[in-house]
Amino acid sequence: MKIWLDGGLQDMESARVSVFDHGLTVGDGIFETVKAVEGRPFALTRHLDRLVRSARGLGLPAPDLDEVRRACVAVLDANPMPLGRLRITYTGGYGPLGSDRGEHGPTLLVALGESTRRPDSTAVITVPWTRNERGALTGLKTTSYAENVVALARAREQGASEALFANTVGQLCEGTGSNVFVVLDGEIHTPPVASGCLAGITRALAVEWTGARETDLPLDVLERADEVFLTSTLRDVQGVHRVDGRQLPGAPGPVTAKAMRVFEERAGNDLDP
Ligand code: PLP
């Protein structure tokens, strides 16, 4: 497996990042996960826009997008696979231990992993921890994902594949790696970005393509929604058949199934050549 590091392709087994890289020691980094179909990245420009926004939010130097694009193409070409997850990581670089920015930054790492098509529906749980809708990192895709790791482990213990958070005022927010949609009386709703969720790229496309409305929703909407679905780069649109103890038989329901079809039909147009 070839990865991109220090400005060129390297063998994954021998590539080295400093043990003092601040992405490792203090989570001072950002990332993007990009789906790649037959070596073609999906919605790469949108991902790079978000990478730039995350860098700005974290106070990192602006990434060199020409290099990031070159790195993505090189890594995809070097590792052919039918369905891949391209992972772009960009950190503050390395320097003395501590929380100041690394002196030798930034580090750009692009790697590729294999991905598989997700099932049409899944189980989710809600967790008692809250997303902060007004924090310094709100809306940034940083490598500080430990809270998501803990929540996802809780979900797995309960036979679910995703954990959903409310925000500090009890509104439905997002999952550990996905955005959430509910269907109420035939209408699709999703929490607004102001709820503290990540501005998901799949979410934005789903809003655009299905006419979903951005609505503040209490967490307990999950107890009465007719249908629930998730969106993310690796899930696309995925129905939900259980939320905590509540079964949603027949998932994906008709509105979700239509959103899945629309997504599948239109997504092919956003693949880079
Ligand atoms: N919310 C969080 C916290 C995420 O980490 C992700 C993706 O990893 C998403 C939402 C979905 O975003 P996207 O559709 O851009 O993958």
Using a 6.0 Å cut-off, check whether atom CZ of Arg246 has over 12 heavy atoms from anything other than its own residue. yes
Looking at Asp185, is its backbone amide N or carbonyl O close enough to the side chain of Asp226 to form a donor-acceptor pair, meaning the two atoms are under 3.5 Å apart? yes
Please say yes or no: joined through hydrophobic side-chain contacts below 4.5 Å, possibly via intermediate residues, are Trp4 and Val73 part of one cluster? no
Minimal non-hydrogen separation, Val110 against Ala71, with atom names: CG2-CB, 3.8 Å
Asn167 (side chain) donor-acceptor with Cys173 (main chain) under 3.5 angstrom: no
If hydrophobic clusters are built by linking Ile, Leu, Val, Met, Phe, Trp and Tyr wherever their side-chain heavy atoms come under 4.5 Å apart, do Val228 and Leu152 end up in the same one? no
Judged by atom type as modelled, is there a donor-acceptor pair below 3.5 Å linking the side chain of Thr202 to the main-chain atoms of Thr233? yes
Does the Asn79 side chain pair with the main chain of Met1, one donor and one acceptor, at a distance under 3.5 Å? no
How many angstroms lie between CG in Asp28 and CG in Leu60, if you round to the nearest 0.5 Å? 5.5 Å
Contact summary for Thr143 and Gly23, nearest pair of heavy atoms: OG1-O, 4.3 Å
Phe263 with Met260, same ILVMFWY side-chain cluster at under 4.5 Å: yes
Compare all side-chain heavy atoms of Leu83 with those of Thr116 and state whether any distance is below 4.5 angstrom. no
Is any side-chain heavy atom of Leu164 closer than 4.5 Å to one of Leu230? yes
Could you go through Arg118 and Asp236, starting from their C-alpha distance and side-chain angles, then the distance that decides it, and tell me whether this counts as side chain to side chain contact (heavy atoms under 4.5 Å, CB included)? CA-CA 8 Å; Arg118 302 300 159 102; Asp236 294 330; over 6 Å; no
Can the ring centroids of Phe165 and Trp129 be said to lie less than 6.0 angstrom from one another? no
Would you say Leu51 and Leu112 are hydrophobically clustered, going by side-chain heavy atoms of ILVMFWY under 4.5 Å? yes
State, to 0.1 Å, how close Gly113 and Met81 come at their nearest heavy-atom pair, and which atoms those are. O-SD, 3.6 Å
Gap between atom CD1 of Ile30 and atom CG of Leu137 - 0.5 Å precision: 11.5 Å
Using a 3.5 Å distance criterion without hydrogens, assess whether the side chain of His104 forms a donor-acceptor pair with backbone atoms of Asp21. no
Heavy-atom closest pair, residues Ala123 and Gly159: CB-O, 3.9 Å
Salt bridge present between Glu32 and Lys141 (N-O < 4.0 angstrom): no
Do any N or O atoms from the side chain of Ser115 and from the backbone of Arg85 form a donor-acceptor pair under 3.5 angstrom? no
side-chain contact (heavy atoms from CB on, under 4.5 Å) test vs Arg203 passes for just one of Glu214, Glu174, Glu208, namely Glu214
Is any side-chain heavy atom of Val19 less than 4.5 Å from a side-chain heavy atom of Arg16? no
Glu162 side chain to Gly177 main-chain N or O, any donor-acceptor pair under 3.5 Å? yes
Is it the case that the side chains of Thr45 and Arg69 hold a donor-acceptor pair, with the cut-off being a distance below 3.5 Å and no angle test? yes
Rounded to the nearest 0.5 Å, what's the gap from CG on Leu86 to CG on Leu76? Could you check? 5.0 Å
Between atom OG1 of Thr176 and atom CG of Leu198, what is the distance when rounded to the nearest 0.5 Å? 11.5 Å
In this structure, CD1 of Ile188 is separated from OG1 of Thr256 (nearest 0.5 Å) by 7.0 Å
Heavy-atom donor-acceptor pair, His22 side chain to Thr91 backbone, under 3.5 Å: no
Can you find a side-chain donor-acceptor pair between Asn132 and Thr168 that sits under 3.5 Å? no
Whether Tyr145 and Phe31 hold their rings parallel, tilted or perpendicular, with breakpoints at 30° and 60°: perpendicular
Check for a donor-acceptor pair, side chain of Arg131 on one end and backbone N or O of Cys197 on the other, with a separation under 3.5 Å. no
Cluster overlap Leu217 with Val255, hydrophobic side-chain contacts below 4.5 Å: no
Begin from the C-alpha positions of Trp209 and Glu265 and carry the test side chain to side chain donor-acceptor pair (under 3.5 Å) through to its verdict. CA-CA 10 Å; Trp209 293 342; Glu265 280 161 20; over 6 Å; no
Shortest non-hydrogen contact from Ala225 toward Leu248: O-CD2, 3.7 Å
So CD of Gln238 and CZ of Phe229: to nearest 0.5 Å the spacing works out to 11.5 Å
Less than 3.5 Å apart, any donor N or O on the side chain of Arg235 or Thr122 sitting next to an acceptor on the other? no
Between Leu48 and Ile88, is any pair of side-chain heavy atoms under 4.5 Å apart? yes
Judged by atom type as modelled, is there a donor-acceptor pair below 3.5 Å linking the side chain of Asp64 to the main-chain atoms of Glu67? yes
For the CZ atom on Arg87, are there more than 12 heavy atoms of other groups (residues, nucleotides or ligands in this structure) within a distance under 6.0 Å? yes
Of all the heavy-atom pairs spanning Phe181 and Ala206, show the shortest one and how long it is. CZ-CB, 3.9 Å
